[in-house]
Amino acid sequence: MKKEIIVLFFAILFCNGNVYSIDRSHAFEINQKLGMGINLGGCFEADVIGSWGVEPKPEYFKDMKAKGFSNVRLPIKWSVHIMKESPYTIDKVFMDTIRWAVNTALANGLIPVINIHNFDELVYKNPNDYKGQYLSIWDQIAREFQSYSDSLIFELLNEPHDNMTPDIWNQFVADGLSKIRETNPDRIVMITSADWGGTTVLDKLILPDDPNIILTTHCYDPLQFTHQGASWAGLSGKTGIPWTGTESEVKVLKDFLSIFKQYSIQHNVPIYVGEFGVYEKADEASRIRWTNCLCSLIREYNFSGAYWEYCASFGIYNPARKCYHTGILKALLPNKNFDKYQDCSK
Ligand code: BGC
């Protein structure tokens with residue numbers, strides 16, 4: 001009888017969400033190493049590399065490292081580089097380019113995070129009609145990089161939303177991860193929730209019973225500020241919105257991230273804020289204040305992150321003028337000194 005009571009006691013403990021049956025210490029360790037990174041946005045997630053104005057240049061990786069970033073997120077639009085029919089073979093030249101980018105990141109001491117980005121059919125059409133492509137893409141990526149060290153991270157899908165409902169997404173998470181695990185049993189895989197990876201349906205996410213996962217989210221709150229003037233967010237012409245750091249403004253960010261902190265504690269899973277940033281049409285001082293506030297919270301909560309993005313319209317670097325947004329850099333990496341760099345606002 002005594003034995004049964006003890007078993008029951010532990011069963012209750014393990015089920016109530018406060019004692020963990022899964023050891024995610026390795027994932028937490030990697031998340032610590034991820035620290036603060038930056039997205040190479042506008043490059044591989046365009047239909048044609050370079051068509052959005054960002055070419056993959058080796059010096060970009062070198063520069064990211066030199067500035068003090070420790071990870072680089074590479075958003076990649078694989079879906080336009082595959083054969084139309086099964087087995088949906090990825091174009092070799094494209095795969096070689098991505099391998100080059102991953103190698104260049106690693107050679108510069110950056111941890112690369114590669115994802116599936118802008119697979120529009122998965123969110124705007126019937127996701128299940130494209131599941132074969134999704135799984136085939138992961139199968140090929142996973143095989144391609146299976147011999148790589150644990151300093152390469154996979155992220156299942158950028159911002160699932162619209163037709164990728166929480167229920168369908170849970171299936172894509174489980175099946176995508178299983179596919180990767182066939183060849184990469186221990187690699188860290190990042191997973192997000194439906195509805196753009198925010199907080200709204202986080203409770204519907206079925207977190208896989210796997211030790212090597214990190215939960216990722218994006219923070220652009222409030223969108224009217226971070227995306228002011230952005231046509232793709234329906235905010236063209238709506239500029240001139242400041243962010244001054246009032247109590248209520250800070251609360252918005254704190255409330256958002258503290259939901260993830262709670263989730264992290266309850267589910268014993270590390271958090272990576274894989275995108276956050278402010279569009280160039282906002283005033284520079286507000287951009288700096290917002291980034292500073294968010295990064296302080298990311299550090300306080302022991303999350304890792306990656307700023308959106310390096311050298312396009314949210315960027316910290318302007319390649320044409322060879323100047324830096326040093327105030328934003330300082331907010332991202334407060335222990336570094338950027339005084340010697342040409343500031344874009346001067
Ligand atoms: C999109 C980018 C966009 C950014 C900020 C990313 O997930 O892929 O095109 O600029 O979010 O809105």
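Remember, it's 1-based here, ligands and their atoms both numbered in the order they're listed. For this chain, numbers begin at 1 and follow the sequence in order.
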Ranked by distance from atom 5 (C) of ligand 1, the top protein heavy atom is His227 NE2, 3.3 Å

Taking atom 2 (C) of ligand 1 as the reference point, the nearest protein heavy atom with its distance: Trp308 CZ2, 3.4 Å

Side-chain donor/acceptor of [X] to backbone N/O of [Y], under 3.5 Å:
| X | Y | value |
| --- | --- | --- |
| Thr104 | Trp100 | yes |
| Gln266 | Tyr263 | no |
| Ser286 | Trp243 | yes |

Would you mind listing which atoms of ligand 1 come within a distance below 4.0 Å of any non-hydrogen atom of Tyr220?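 Taking each heavy atom of Tyr220 in turn, ligand 1 has 4 (C), 5 (C), 11 (O) under 4.0 Å.
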
Under 4.0 Å from a heavy atom of Asn158: which atoms of ligand 1 are those, numbered in the order shown and with their elements? 7 (O)

Within the structure, does His117 bring an N/O atom to less than 3.5 angstrom of an N/O atom in ligand 1?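 N/O-N/O distance below 3.5 Å exists for this pair.
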
I want to know if ligand 1 touches Trp232 in the polar sense, i.e. an N/O pair below 3.5 angstrom. yes

Find out whether the Lys NZ or Arg CZ of Lys261 is both under 6.0 angstrom from the six-membered ring centre of Phe303 and within 45° of the ring's axis.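 Lys261 over Phe303 ring: no.
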
According to ring-ring contact (aromatic ring centres under 6.0 Å, His included), who are the partners of Tyr310, at least two apart in sequence or on a separate chain?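 So Tyr310 forms a ring-ring contact (aromatic ring centres under 6.0 Å, His included) with Tyr60, Tyr317.
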
Selected option - heavy-atom contact closest to atom 6 (C) of ligand 1, from His218, Glu275, Glu159: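 The residue whose heavy atom sits nearest atom 6 (C) of ligand 1 is Glu275.
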
Using a cut-off of 6.0 Å, state whether more than 12 heavy atoms not belonging to Gln32 lie near its atom CD.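 At most 12 heavy atoms, drawn from other residues, nucleotides or ligands, come within 6.0 Å of this atom.
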
